[in-house]
J.: 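Sharing a structure with you now.
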Amino acid sequence: MPELPEVETVVRGLRTPLIGETFIEVVSDWPRQLNGIDLPELQARLSGRSIQSINRRGKYLVLALDAGENLIIHLKMSGQLSVSNGQMPADKHVHTVFLLASGSELRFRDIRKFGRVYLVRDPEEVLGKLGQEPLEEEFTSEWLCQEMGARRRVLKPLLLDQTFIAGIGNIYADEALHRAAIHPRRQTNSLTTGECLALHEAIQTILSLAIEHEGSSIDAAYIKPDGGRGSMQSELRVYGRAGEPCHRCGSIIERVTLAGRGTHYCPGCQI
DNA sequence: CAACCGACCTGTTCGC
DNA sequence: TGCGAACAGGTCGGTT
């Protein structure tokens with residue numbers, strides 16, 4: 001579930017309670033969540049490590065620790081992180097708990113169990129294949145237009161390709177294409193310069209707006225670390241609005257399956 | 001290289 | 001009310 005804006009919101013929400021904290025112990029009842037590191041090894045390498053910074057790369061959270069270790073977490077479809085004082089018992093979907101020196105604990109809750117935790121000395125081991133950060137300076141309209149022209153692919157699946165641009169997921173791909181008034185099935189090399197500029201603008205605008213709104217909380221799948229909800233769901237113009245009228249042209253929003261994903265678009269104004 | 005499909009999981013919603 | 005099918009913010013690996 002969480003895409004770039006949701007992960008960014010989680011990162012911001014974890015900084016205050018976690019930076020400067022020290023790991024004491026890890027408890028897990030779902031070893032697969034630890035992505036192949038066995039619990040004793042994780043325990044040994046994490047115990048005594050303090051958290052120096054928390055950042056985001058694509059949809060990954062990166063906790064930089066002392067002694068050159070990095071704890072990297074991907075929430076996939078249903079992962080949630082929260083910091084608890086340990087008083088309230090964790091519910092049955094919390095599968096990994098990181099106990100901290102202050103007595104509080106970082107809880108990784110994940111109904112569908114797709115989320116993963118990595119502990120690596122070199123973050124590139126996990127993040128190495130990711131593409132451009134869409135809100136950073138290197139993501140320019142010149143770069144985007146050149147890449148589009150050079151590729152021969154269907155547009156929406158390319159936007160979801162994390163090795164091309166890192167962080168866009170199914171909601172914001174659909175929303176960016178609607179804002180840019182481009183049909184999701186268009187071929188990348190068929191875009192005009194004007195369309196490509198509009199797409200670049202739309203990607204940056206929708207992601208920034210979603211961060212301002214602290215992400216989209218459509219059901220219980222995404223909540224902030226403090227338990228609150230984002231408000232971006234009420235700003236969405238196509239995602240989840242099949243059968244409703246387009247705010248721009250009044251046509252009825254359609255939902256189709258494209259590359260295996262539900263795809264929402266306006267047949268009236270997305271050309 | 002690109003497109004497609006099942007796998008990985010559990011829960012919720014929808015149609016009959 | 002019950003019950004199965006479809007669907008869900010993501011990615012990976014194997015196959016055409």
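Only this structure's heavy atoms are used, side chains among them; waters, hydrogens and symmetry mates stay out. To find a chain, count down the sequence lines: A is the first, B the second, and so on, and within it residues start at 1.
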J.: Check every strand shown and say whether A/Arg151 touches a base, only sugar-phosphate, or nothing at a heavy-atom separation below 4.0 Å.
T.: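 A/Arg151: no heavy atom of the nucleic acid under 4.0 Å.
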
J.: Does a side-chain N or O of A/Lys59 approach OP1 or OP2 of C/dG10 to a distance below 4.0 Å, or not?
T.: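 So the side-chain polar atoms of A/Lys59 do come within 4.0 Å of the phosphate oxygens OP1 or OP2 of C/dG10, strictly under.
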
J.: Please pick, from C/dC12, B/dG11, B/dC8, the nucleotide with the shortest atom-to-atom distance to any side-chain atom of A/Arg32.
T.: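 The answer is B/dC8.
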
J.: How many whole angstroms separate atom NZ of A/Lys92 from atom P of B/dC9?
T.: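 It works out to 16 Å between those atoms.
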
J.: Are any of A/Arg255's side-chain N or O atoms less than 4.0 Å away from OP1 or OP2 of C/dA8?
T.: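 Affirmative; the distance criterion is met.
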
J.: Would you say a side-chain N or O of A/Lys76 is under 4.0 Å from OP1 or OP2 of C/dT11?
T.: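 No, outside the criterion.
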
J.: Using the salt bridge (Lys or Arg N to Asp or Glu O under 4.0 Å) criterion, which residues pair with A/Glu147? Sequence neighbours excluded.
T.: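 Partners of A/Glu147 by the salt bridge (Lys or Arg N to Asp or Glu O under 4.0 Å) criterion, ordered by chain and then number, come out as A/Arg151.
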
J.: Just how far, in rounded Å, is P of B/dA7 from CZ of A/Arg116?
T.: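 Nearest whole value for this atom pair: 17 Å.
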
J.: Considering only B/dC8, B/dG11, C/dA8, which nucleotide approaches the side chain of A/Ile111 most closely?
T.: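 Taking heavy atoms from C-beta onward, the closest nucleotide is B/dG11.
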
J.: Determine, stepwise, if the pair A/Glu133 / A/Arg57 fulfils salt bridge (Lys or Arg N to Asp or Glu O under 4.0 Å).
T.: CA-CA 7 Å; A/Glu133 277 296 323; A/Arg57 175 79 172 96; 2.9 Å; yes

J.: Do we see a donor-acceptor contact under 3.5 Å between the side chains of A/Gln43 and A/Ser47?
T.: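 There is no such pair between these side chains.
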
J.: Suppose we call a contact any N or O donor and acceptor under 3.5 Å apart; does that hold for the side chain of A/Arg112 and the base of C/dA8?
T.: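 It does, because a donor-acceptor pair links the side chain of A/Arg112 to the base of C/dA8 below 3.5 Å.
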
J.: When you compare C/dA8 with B/dC5, how far apart are their P atoms, in angstrom units rounded to a whole number?
T.: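 The same atom, P, in both gives a distance of 15 Å.
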
J.: If you measure only the distance, is there a donor-acceptor pair under 3.5 Å linking the side chains of A/Tyr172 and A/Ser216?
T.: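 Short answer, yes.
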
J.: Using a heavy-atom cut-off of under 4.0 Å over every strand shown, decide if A/Tyr239 touches base, sugar-phosphate, or nothing.
T.: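 Base: the residue A/Tyr239, judged by heavy atoms under 4.0 Å, touches a nucleobase.
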
J.: Can you identify which nucleotide, out of B/dT10, C/dA8, C/dT11, has its nearest atom closest to the A/Met77 side chain?
T.: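 Comparing B/dT10, C/dA8, C/dT11 against the side chain of A/Met77, the answer is C/dA8.
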
J.: Assign A/Leu160 to base, sugar-phosphate, or nothing according to its heavy-atom contacts below 4.0 angstrom with the strands shown.
T.: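 A/Leu160: no heavy atom of the nucleic acid under 4.0 Å.
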
J.: Atom CG of A/Leu159 to atom C1' of B/dA2: distance rounded to whole Å?
T.: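 Computing the A/Leu159:CG to B/dA2:C1' distance gives 16 Å.
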
J.: Please state how far atom CZ in A/Arg261 lies from atom P in B/dA3, giving the value in whole angstrom units.
T.: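 For the pair A/Arg261 CZ and B/dA3 P, the rounded distance is 16 Å.
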
J.: Taking any heavy-atom pair under 4.0 Å as a contact, classify A/Gly169: base, sugar-phosphate, or nothing.
T.: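 If one applies the 4.0 Å heavy-atom cut-off, A/Gly169 turns out to touch the sugar-phosphate alone, with no base involved.
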
J.: Going by purine N1 to pyrimidine N3 plus the second Watson-Crick contact, or the G-U wobble pair, all under 3.5 Å, which nucleotide sits opposite B/dC9?
T.: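 Its partner is none (no Watson-Crick or G-U wobble pair with both distances under 3.5 Å).
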
J.: Find the distance A/Asp161:CG to C/dG10:P and express it as a whole number of Å.
T.: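 Distance check: A/Asp161 CG to C/dG10 P gives 13 Å.
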
J.: Rounded to the nearest angstrom, tell me the gap between atom NZ in A/Lys156 and atom P in B/dA3.
T.: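 It is 14 Å, rounded to the nearest whole Å.
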
J.: Heavy atoms under 4.0 Å, any strand shown: does A/Asp110 hit a base, just sugar-phosphate, or nothing?
T.: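 It contacts nothing in the nucleic acid.
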
J.: Are B/dC8 and A/Phe114 stacked, with the base six-membered ring and the side-chain ring centres under 5.5 Å apart and planes under 30°?
T.: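 By the stated criterion, A/Phe114 and B/dC8 stack.
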
J.: Is the shortest distance from a Lys or Arg side-chain nitrogen in A/Lys59 or A/Glu3 to a carboxylate oxygen in the other one below 4.0 Å?
T.: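 Between A/Glu3 and A/Lys59 there is no salt bridge, as every charged N stays at least 4.0 Å from the carboxylate O atoms.
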
J.: Tell me whether the side-chain N/O atoms of A/Gln162 come closer than 4.0 Å to OP1 or OP2 in C/dT11.
T.: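 Yes, A/Gln162 has a side-chain N/O under 4.0 Å of OP1/OP2 on C/dT11.
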
J.: May I ask you to check whether A/Ser84 and A/Ser82 show a side-chain donor-acceptor distance below 3.5 Å?
T.: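 Result is no, nothing qualifies.
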
J.: If only side-chain N and O atoms count, and only distance matters, is there a donor-acceptor pair under 3.5 Å linking A/Ser78 with A/Asp110?
T.: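 There is such a pair between these side chains.
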
J.: If the P atom of B/dC9 is compared with that of C/dG4, how far apart are they to the nearest Å?
T.: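 After rounding to an integer number of Å, I get 22 Å for this pair.
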
J.: Please report the distance separating the C1' of B/dC8 from the corresponding atom of C/dC3, rounded so that it comes out in whole Å.
T.: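 Per the computed distance, 25 Å lies between those C1' atoms.
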
J.: Using the P atom as the reference point in each nucleotide, state the distance between B/dA7 and C/dA6 in Å, no decimals.
T.: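 Rounded to whole Å, the distance is 15 Å.
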
J.: Measure CG/A/Asp91 against P/B/dG11 and give the value in whole Å, please.
T.: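 Interatomic distance, CG of A/Asp91 to P of B/dG11: 10 Å.
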
J.: Once you round it to whole Å, what is the distance between P of B/dA3 and CZ of A/Arg185?
T.: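 Roughly 12 Å, once rounded to whole Å.
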
J.: Heavy atoms from C-beta onward define the side chain here; which of B/dA3, B/dG11, C/dG10 lies closest to that of A/His93?
T.: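 Of the candidates, B/dG11 comes closest.
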
